[in-house]
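Only one structure is covered here, and it is reproduced in the block below.
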Protein chains: 2
Amino acid sequence: MQDLLFDFISKYVSLTEDEKNIIISLNTFRTIKKGTILLNEGQNSNESYFVLKGCIRTYYIIDGVEKTTAFYTEMEVLTPHCVISKAPSEYYISCIEDSIIIISNPEMEVEVFNKFPKFESLCRILSEELLAKQQIDFDKFKTSSPEQRYLNLLQSRPDLIQRVPQHQLASFLGIKPESLSRLKARIIEKNKV
Amino acid sequence: MQDLLFDFISKYVSLTEDEKNIIISLNTFRTIKKGTILLNEGQNSNESYFVLKGCIRTYYIIDGVEKTTAFYTEMEVLTPHCVISKAPSEYYISCIEDSIIIISNPEMEVEVFNKFPKFESLCRILSEELLAKQQIDFDKFKTSSPEQRYLNLLQSRPDLIQRVPQHQLASFLGIKPESLSRLKARIIEKNKV
DNA sequence: ATAACTCGTTGACTTAAGTTAAGAAATGAA
DNA sequence: TTCATTTCTTAACTTAAGTCAACGAGTTAT
């Protein structure tokens, strides 16, 4: 299992066996059952999540309705806003498949950064990459219609459409579940003619 | 002018006079005229922009139409996606007010990081903050109607509505300029009754 | 096995955004 | 100033998303 992590890290920096052992000794690998809520609205947490296997999602409850805004799957990291802002969380995080997650916190990170400054470089580079990537995603969202967003998702993350309930996908695409249903029917209809 | 920068940095780390002098000696402060294009589509660039004063925007040209997706004003940083991906840029960056901008590049950064590791911490923390903040913005965008987005912007960045042309604001809000016009008229109508 | 729920789809209707076109208002240049 | 261009608004019409309700399929719990 750890190999997945080290393969990922090796794309950015090379680690010695000693360094790898330090990581393993932190003992932060967790198996989480589907349905587990990792973070509640209003909660103060300092945990970050690195998904090794499985899928977690962030969602809000607005006027009693769940609004899913993001999914994190294999090799994706989520540091909740509340960890940065040190304010109560505005959203929930739940595990939507049985998953293996690395759970870390800022104190641990600082400790590792002090021992191996290389890790801070890694985290800086990862953050900068994610930020730029997310900006592109946001741009694409803004400049696309719901239908284009769906077709785009079909290309870029086809797995998500399989593994995630439609009503969660709908709010992820910024629309209502009924609209997603109709939009899909519309696409099929177009392709027939 | 530099004081603006150092005041900003001091929120995150404290700098000695020596360190400040190093920054100044890099001589990266630039005054940019309104209308200047800082980055063209298809261009490979390695420049990052820190806006000390003024405003820059990113925009795409899609089917011959400009789509503005982001604005950066005082104390905001933009590292274009192409700097990270090392691929040609998909968007343009232009300066929409006479501005003072700090222009840096990865080589300069590495040099500074080596002299003062503290700066890499600063950049990591800034990136992580920006990432979490941007995620919240994206979430809010997804879960709001165009009208709510406009009202939200009125609260959170009222200056933008003043300093930016409406048709650029419209695509920033993910709609057409005509829709923004009608939406504003609708809001005024509501408040009358 | 049955009841209760969740989930996805469909239909009828409402509302608002997209489209196209025209014109008014503001801005900039000659 | 005057002309041209850009920006913003309005109108008429089309398209699609939102809303509300109903239904069937699948799941879970009792």
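Not measured: the values here are computed from a predicted model. Every chain is numbered from 1, with letters handed out A, B, ... down the list of sequences.
- Shortest non-hydrogen contact noted between Thr58(A) and Ile93(A) is CG2-CG1, 4.0 Å.
- A side-chain donor from one of Tyr49(B) and Glu47(B) sits under 3.5 Å from a side-chain acceptor of the other.
- For the OP1/OP2 pair of dT9(C) and a distance below 4.0 Å, the side-chain nitrogens and oxygens of Lys184(A) include at least one atom meeting the criterion.
- Taking atom CD of residue Gln166(B) and atom C1' of nucleotide dT27(C), one finds them 15 Å apart after rounding to whole Å.
- As a whole-Å value, the separation of Glu66(A) CD from dG8(C) P is 12 Å.
- Under the side chain to side chain contact (heavy atoms under 4.5 Å, CB included) criterion, Pro165(B) pairs with His167(B), Gln168(B), sequence neighbours left out.
- Distance, Arg182(A) CZ to dT15(D) C1': 12 Å, rounded to whole Å.
- Asp63(B) places its CG atom 14 Å from the C1' atom of dT19(C), with the value rounded to the nearest Å.
- Partners of Lys184(A) according to the side chain to side chain donor-acceptor pair (under 3.5 Å) rule, which considers only residues two or more places apart in sequence or in another chain, are Gln166(A).
- Listed in residue order, the members of residues 146-162 of chain B having a heavy atom less than 4.0 Å from DNA chain D come to none.
- For Tyr92(B) and Tyr60(B), the distance between ring centers is not under 6.0 angstrom.
- When rounded to the nearest whole Å, the span between CG of Leu183(B) and C1' of dT15(C) equals 13 Å.
- If you take CD1 of Ile96(B) and P of dG28(C), they are 14 Å apart, rounded to a whole angstrom.
- Axis angle between the ends of the helix from dA1(C)-dT30(D) to dA30(C)-dT1(D), five pairs each and rounded to 10 degrees, works out to 50°.
- A cation-pi geometry, defined here as NZ or CZ lying under 6.0 Å from the six-membered ring centre and within 45° of its normal, holds between Lys20(A) and Phe6(A).
- Phe141(B) has its ring centre less than 6.0 Å from the ring centre of Phe138(A).
- Linking Ile, Leu, Val, Met, Phe, Trp and Tyr whenever their side-chain heavy atoms come within less than 4.5 Å puts Leu126(B) and Leu15(B) in one cluster.
- Shown for residues 167-181 of chain A: residues whose heavy atoms fall under 4.0 angstrom of DNA chain C, namely His167(A), Glu178(A), Ser181(A).
- The heavy-atom pair separating Ser48(A) from Pro80(A) by the smallest distance is CA-CD, 4.3 Å.
- When ring centroids are compared, Tyr72(A) and Phe50(A) stay outside the 6.0 Å threshold.
- Under the ring-ring contact (aromatic ring centres under 6.0 Å, His included) criterion, Phe113(B) pairs with no residue, sequence neighbours left out.
- Residue Arg186(A) places no side-chain N or O under 4.0 Å from the OP1 or OP2 atom of dT15(D).
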